[in-house]
2 protein chains.
Amino acid sequence: MSDTAVVRRFQRTVTQRIGALEDGFLARGRPLGQARVLWEIGEGVEVRALRARLGLDSGYLSRLLRALEAEGLVVVEGGGADGRVRTARLTPAGIAEREELDRRSDEAAAEVLAPLPAAQRDRLVAAMAEVERLLTASMVTVEALDPGHPAARRCVEAYVAELGRRFESGFDPARSLSAEDDELRPPAGMLLVATLHAEPVGCVAVKLHPRQSMAEIKRMWVDPSVRGLGLGRRLLAEAETRAAGHGVRTLRLETNRALAEAVALYRASGYLEVAPFSEEPYAHHWFAKRLR
Amino acid sequence: MSDTAVVRRFQRTVTQRIGALEDGFLARGRPLGQARVLWEIGEGVEVRALRARLGLDSGYLSRLLRALEAEGLVVVEGGGADGRVRTARLTPAGIAEREELDRRSDEAAAEVLAPLPAAQRDRLVAAMAEVERLLTASMVTVEALDPGHPAARRCVEAYVAELGRRFESGFDPARSLSAEDDELRPPAGMLLVATLHAEPVGCVAVKLHPRQSMAEIKRMWVDPSVRGLGLGRRLLAEAETRAAGHGVRTLRLETNRALAEAVALYRASGYLEVAPFSEEPYAHHWFAKRLR
DNA sequence: CTCATTCTCTGACCTTAGTCAGAGATCTAG
DNA sequence: CTAGATCTCTGACTAAGGTCAGAGAATGAG
């Protein structure tokens, strides 16, 4: 059976099995839209945040909130610093209702596993975890962003913070070799950002050198929550492809020994360790790869 | 993470990933209901069969068919033996449309796999196949049916046909030891039937002996399409539980060496080979198990 | 032949989900 | 202070999906 046939059978079976449990069972006769809103209101959310998270029209969300308010499950009130913004909060009844939904959701999940003997159940759970992880990986998109873009800023900040935590000596970007915004922005370079659910979860930069067929990899970072999904490898491959498109023949980079998984990634991706080519004070390893 | 938590995360991710591709992409601006009907009309289906299969209200289905007819994708015509029944059939345009849906469905499936490097793709496909298999297994229900029930009849016929194919000498039920309807119907015995998607896919019978703590397993059969899902083991376990409920302490059975997987199942389920206890001409192995 | 049942269809109606165009209050940059 | 932007809300509207109550034709049991 071809890969796509497997995916299609999978889809068919999953929607049948999981969908059947969801309907009515989980929502308790409540419209799905209302249930989703109920779920997303944690300990008070700004209405605009709710709108963004659920991707709803403002008029539609407003009406959903009115309906939940009428049932006494939610209160929406202003009074914050910004007088335009209102905040939705669960009432005790709303909290109880959400706990009920939670309980039912667990029950539905247990019902899927119940008919199976223990050995098969374990295999199913393991396979589901694997599918979940890999589907998550396949939802990540990679695109070039301007270093000034908020998502790009957050990535680079997370990168710096992580180096600070992991290097024995801490990390001060000012002491490190430069990778300023202008150096990572066309035409001088590029910054690729990986995004999952509208959140930046990884990045890599390429610093080009005018009239040279050599370029440098910088700012390689993957959010801890998505490690193990092969995202680092994907970012690196994408950077290589794009660099090659700019005429780059050789990529090089330096890294710190504290970043063991990064070192392993570079080796596995065909980077060979070379003699130090820079004065980077935080580096222990220098790598280079010739692009084909 | 608990098993139910894995199932819930799985559900969440899958509906996001698979659902997102489905919407609009597959239906081509066509309402989902219409697309589903288009899909289920193969080479002509009776309207009532369509209704049963899709679980739709007759009025609703009628309107869906009118809409598809208006687009020239479907014709609905009477003229069969039963003048009330009408049959829906795809026009050439309808066939083309369905092929287009098929193509898009494949494309959507490919799109899920596309962002992943080959190694991860293979793992995802393997994990999906595993989830699909095990979810299918968890959709199977097992219940006691009267031997005269059509589903029970079909099972037993399939059982006989398979023995006929697999025994070196063929299989003639008349020459075999008896297992008549009355012997497999309470109070003399029981017949358990496994059902998937309203189709019988396996069975097992228990033949009790009045005032004896011994009973016999008969008619053990699993449809080839669902082998490897542990259904045989489940049927056997269910039969044992129910037999124990009737005061049975020892179960025994005989089987033919051509049924290697059945023999393996019995051994794995705790049945021990014993000396022949019957004159069954088709048997090569006799097994017994003491129930706790 | 008759009466109940089956099958399909139409008309009336409903809920959910969602879009779009403002209104009114509030905030922010200049 | 003003103009434009932001935030929430209401009202008007739409499409999809579906239910329910018959009507009308055909069938099957007695």
Side-chain angles (χ1 to χ4, degrees), chain A residues 15 19-20 22-41 44-71 73-89 101 150, chain B residues 15-16 19-20 22-41 44-71 73-89 101:
Chain A
T15 49
E22 216 173 24
D23 298 349
F25 190 49
L26 288 187
R28 294 230 286 162
R30 189 183 308 292
L32 210 97
Q34 281 183 34
R36 286 208 304 157
V37 170
L38 203 53
W39 193 260
E40 285 292 338
I41 303 176
V45 194
E46 295 187 349
V47 171
R48 61 176 171 180
L50 211 49
R51 201 165 54 233
R53 209 178 306 165
L54 294 169
L56 296 177
D57 173 83
S58 73
Y60 184 35
L61 176 57
S62 186
R63 242 177 295 272
L64 288 175
L65 286 171
R66 286 305 81 68
L68 290 170
E69 241 176 355
E71 285 192 75
L73 303 174
V74 160
V75 283
V76 180
E77 33 189 23
D82 186 333
R84 295 165 301 183
V85 177
R86 303 188 69 201
T87 302
R89 194 164 50 70
L101 287 181
Chain B
T15 49
Q16 261 182 39
E22 218 173 22
D23 297 349
F25 189 49
L26 288 187
R28 293 228 285 162
R30 189 184 308 290
L32 210 97
Q34 281 184 33
R36 286 208 304 156
V37 170
L38 204 53
W39 193 260
E40 285 291 340
I41 303 177
V45 194
E46 295 186 349
V47 171
R48 61 177 172 181
L50 211 49
R51 201 166 53 232
R53 208 177 307 166
L54 294 168
L56 296 177
D57 173 85
S58 73
Y60 184 34
L61 175 57
S62 186
R63 242 178 295 273
L64 288 174
L65 287 171
R66 289 302 83 67
L68 290 170
E69 239 176 356
E71 284 192 76
L73 303 174
V74 160
V75 284
V76 181
E77 32 188 25
D82 187 333
R84 295 165 302 182
V85 178
R86 303 188 69 201
T87 301
R89 196 165 48 70
L101 287 181

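Naming: A, B, ... by sequence-line order, numbering from 1 per chain.
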Does C/dC9 have OP1 or OP2 under 4.0 Å away from a side-chain N or O of B/R86? yes
Contact summary for A/L65 and A/A88, nearest pair of heavy atoms: CD2-CB, 4.2 Å
I'd like to know if B/R84 reaches the base of C/dT6 with its side chain, counting only an N/O donor and acceptor under 3.5 Å. yes
Can you list, in residue-number order, the parts of residues 49-67 of chain A that come under 4.0 Å of DNA chain D, counting heavy atoms only? A/R51, A/S58, A/G59, A/S62, A/R63, A/R66
Non-hydrogen atoms of A/R86 and A/G78 that approach each other most closely: NE-N, 3.9 Å
Below 3.5 Å, can you tabulate the donor-acceptor pairs from side chains in residues 45-57 of chain B to any protein atom, sequence neighbours excluded?
{"from": "B/E46", "atom 1": "OE1", "to": "B/R48", "atom 2": "NE", "distance (Å)": "2.9"}
{"from": "B/E46", "atom 1": "OE1", "to": "B/R48", "atom 2": "NH2", "distance (Å)": "3.3"}
{"from": "B/R53", "atom 1": "NH1", "to": "B/E40", "atom 2": "OE1", "distance (Å)": "3.0"}
{"from": "B/D57", "atom 1": "OD2", "to": "B/G59", "atom 2": "N", "distance (Å)": "2.8"}
{"from": "B/D57", "atom 1": "OD2", "to": "B/Y60", "atom 2": "N", "distance (Å)": "3.0"}

Residue pair B/Q34 / B/L68: nearest heavy atoms and the distance that separates them: OE1-CD2, 3.7 Å
Rounded to the nearest 0.5 Å, what's the gap from CG on A/L73 to CZ on A/R89? Could you check? 13.0 Å
Atom-to-atom span, CZ of B/R48 to P of C/dC9 - whole angstrom: 13 Å
Tell me the interatomic distance from A/D82, atom CG, to D/dT8, atom P, rounded to whole angstroms. 8 Å
Whole angstroms only, please: what is the CD-P distance between A/E46 and D/dT6? 15 Å
Under 3.5 Å, side chain of B/R30 to main-chain N/O of B/A35, donor-acceptor pair present? no
Using a heavy-atom cut-off of under 4.0 Å over every strand shown, decide if B/A88 touches base, sugar-phosphate, or nothing. nothing
